[in-house]
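Comments concern the structure below.
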Amino acid sequence: MYNVSVVTVFTLSGLDYLMGHKLTLFSFTLIWYALILCVNLSVIVVIIMDKHLHEPMYIFLCNLCINGLYGTAGFYPKFIADLVTTHVISYTNCMLQGYVIHSSNCGDLSILALMAYDRYVAICKPLVYHSVMTTKKVWIFVCMAWFVPLYLMLMNSVSLVGVALCGSHINRLYCVNWMIVQLTCSPPRANQMIGYINIAFYFSHAVFIVWSYIYLIKKCLISKDKNGKFMQTCMPHIVSIINFIFGMLTDILYMRYGSGDLPQSLLNFISIEFLLIPPLINPLIYGFKLTKIRNRIITIFQYQVKTFKKSEPPCDSKSTVMEATLPAI
């Protein structure tokens, strides 16, 4: 017999700290999230506003940053609130949070696969690049990179709706579908089948990404011209991919085979590494490495500094104003 009950609220774990530690973590998390918002929005605005950056590589990068903001929005606001309130979440919000984080992860893989394909065509087939990566095709790719993960993760989440649960405690800082499946009295077969399909589908994305960059490296070792182009445009992609795959693998391994013997702080870091590092590092890497974006950001910064200096009144005018306001003796 299963102890079946109607679950409306889940309790989360991982925040068993003293209030002083929670306030410190609250301050650090708030600053970190503000940095993520700032650097991602900067890259997004620069790419949208500058028509010279309306090229496939930069359009894909813009969507990668947007997806980063989408995924972090599913975690940070709730996590920051949990640091000063109770660490619980409603059933509806739990399903929504799991959906946002899962679909964002899959969206990252889709966009990184598009960026890998774009670099493959640009370096290996430069003569047909503009005929292959037309504006119409690029926007079709972008729409599919958003629609497919959102749809697949929707199917995964819907397959869990209404399933009988035998528990309400999630051993994690946030909600994920796999943890909800572990709470079910009898795991639904539909969810298992959809899960295997999603894993196979996005594993093929990872294989394609790895294969494409291995192929590019081999080609670039032969030609010095291609080697320079590869180092300029592909190194940020490789760093982002390694960072993303490392974070996802550690999270999946911990979720499936995690040990309770590890310190709680380390377990927390492993579970949220992909929400901490990639959303901040990706725009920084691309912003500093890609020449067009770097130059554009520097130009905007210099313009703002000049504008600020012009808006300040000169020293003589300040002293004149002060003398005029003093009463006559």
Side-chain angles (χ1 to χ4, degrees), residues 40-71 103-153 201-220 222-223 225-241 244 278 282-283 285-287 289-297 299-300:
N40 280 279
L41 286 173
S42 298
V43 173
I44 292 168
V45 171
V46 166
I47 293 174
I48 291 175
M49 298 299 293
D50 192 342
K51 293 182 179 180
H52 296 95
L53 297 177
H54 292 180
E55 301 175 6
M57 180 174 67
Y58 300 108
I59 292 173
F60 296 148
L61 172 58
C62 181
N63 281 272
L64 184 67
C65 292
I66 294 172
N67 189 63
L69 293 180
Y70 165 66
S103 58
S104 175
N105 291 338
C106 296
D108 272 341
L109 265 178
S110 296
I111 296 170
L112 290 172
L114 288 178
M115 298 173 86
Y117 177 70
D118 174 73
R119 291 301 86 201
Y120 164 77
V121 177
I123 294 175
C124 298
K125 299 181 179 181
L127 298 178
V128 298
Y129 177 78
H130 292 290
S131 62
V132 174
M133 301 299 292
T134 62
T135 303
K136 183 179 179 180
K137 288 182 180 178
V138 167
W139 285 110
I140 290 174
F141 290 154
V142 169
C143 291
M144 293 301 293
W146 281 97
F147 173 76
V148 173
L150 290 174
Y151 175 76
L152 291 179
M153 290 305 109
F201 182 70
Y202 284 102
F203 180 76
S204 66
H205 281 52
V207 171
F208 170 75
I209 292 170
V210 173
W211 172 85
S212 63
Y213 283 112
I214 291 175
Y215 184 81
L216 285 174
I217 291 171
K218 289 181 179 179
K219 286 289 184 181
C220 292
I222 301 173
S223 171
D225 294 335
K226 290 182 178 179
N227 187 35
K229 193 172 185 180
F230 175 84
M231 294 299 294
Q232 176 65 28
T233 62
C234 292
M235 284 307 296
H237 299 309
I238 293 178
V239 173
S240 296
I241 290 162
F244 175 79
N282 286 345
I285 291 174
Y286 288 106
K289 186 63 179 175
L290 297 181
T291 306
K292 288 185 178 181
I293 294 180
R294 182 176 67 248
N295 291 342
R296 185 58 179 160
I297 291 175
T299 302
I300 293 173

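- Taking both residues in full, the closest heavy atoms of L150 and Y70 are given as CD2-OH, 3.6 Å, listed atom of the first, atom of the second, then distance.
- Considering only heavy atoms from C-beta on, L152 comes within 4.5 Å of Y202 through its side chain.
- Using a 4.5 Å heavy-atom threshold, the side chains of F201 and L109 count as separate.
- A 4.5 Å side-chain heavy-atom check between S103 and Y151 finds every atom pair outside the cut-off.
- Applying the side-chain contact (heavy atoms from CB on, under 4.5 Å) criterion to I214, with sequence neighbours excluded, gives V210, K218.
- Summarising the geometry, atom OH belonging to Y213 is positioned 6.5 Å from atom CD1 belonging to I238; distances are rounded to the nearest 0.5 Å.
- Of all heavy-atom pairs spanning D50 and H52, the tightest one is OD1-N, 3.0 Å.
- Put simply, the side chain of C62 does not reach to within 4.5 Å of the side chain of V43, judged on heavy atoms.
- Two rings, from H205 and F208, have their centers 6.0 Å or more apart.
- Between L216 atom CG and I123 atom CD1 the span is 5.0 Å, to the nearest 0.5 Å.
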Starting from the C-alpha separation in whole Å, work towards a yes-or-no answer on side chain to side chain contact (heavy atoms under 4.5 Å, CB included) for I47 and I59. CA-CA 7 Å; I47 293 174; I59 292 173; 5.5 Å; no
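- The distance from the OG atom of S104 to the CD1 atom of I66 is 12.0 Å, given to the nearest 0.5 Å.
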Without placing hydrogens or testing angles, list every side-chain donor-acceptor pair under 3.5 Å for residues 128-149, not counting sequence neighbours.
{"unit_1": "Y129", "atom_1": "OH", "unit_2": "D118", "atom_2": "OD1", "d": "2.5"}
{"unit_1": "S131", "atom_1": "OG", "unit_2": "V128", "atom_2": "O", "d": "2.8"}
{"unit_1": "T134", "atom_1": "OG1", "unit_2": "K137", "atom_2": "N", "d": "3.3"}
{"unit_1": "W146", "atom_1": "NE1", "unit_2": "N63", "atom_2": "OD1", "d": "2.9"}

Assess the residue pair L41 and L69 against the criterion (side chain to side chain contact (heavy atoms under 4.5 Å, CB included)); give the C-alpha distance rounded to whole Å, side-chain angles, the decisive distance to 0.1 Å, and a yes or no. CA-CA 9 Å; L41 286 173; L69 293 180; 3.8 Å; yes
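- Residues passing the side-chain contact (heavy atoms from CB on, under 4.5 Å) test with D108 are L64, N67, F244, sequence neighbours excluded.
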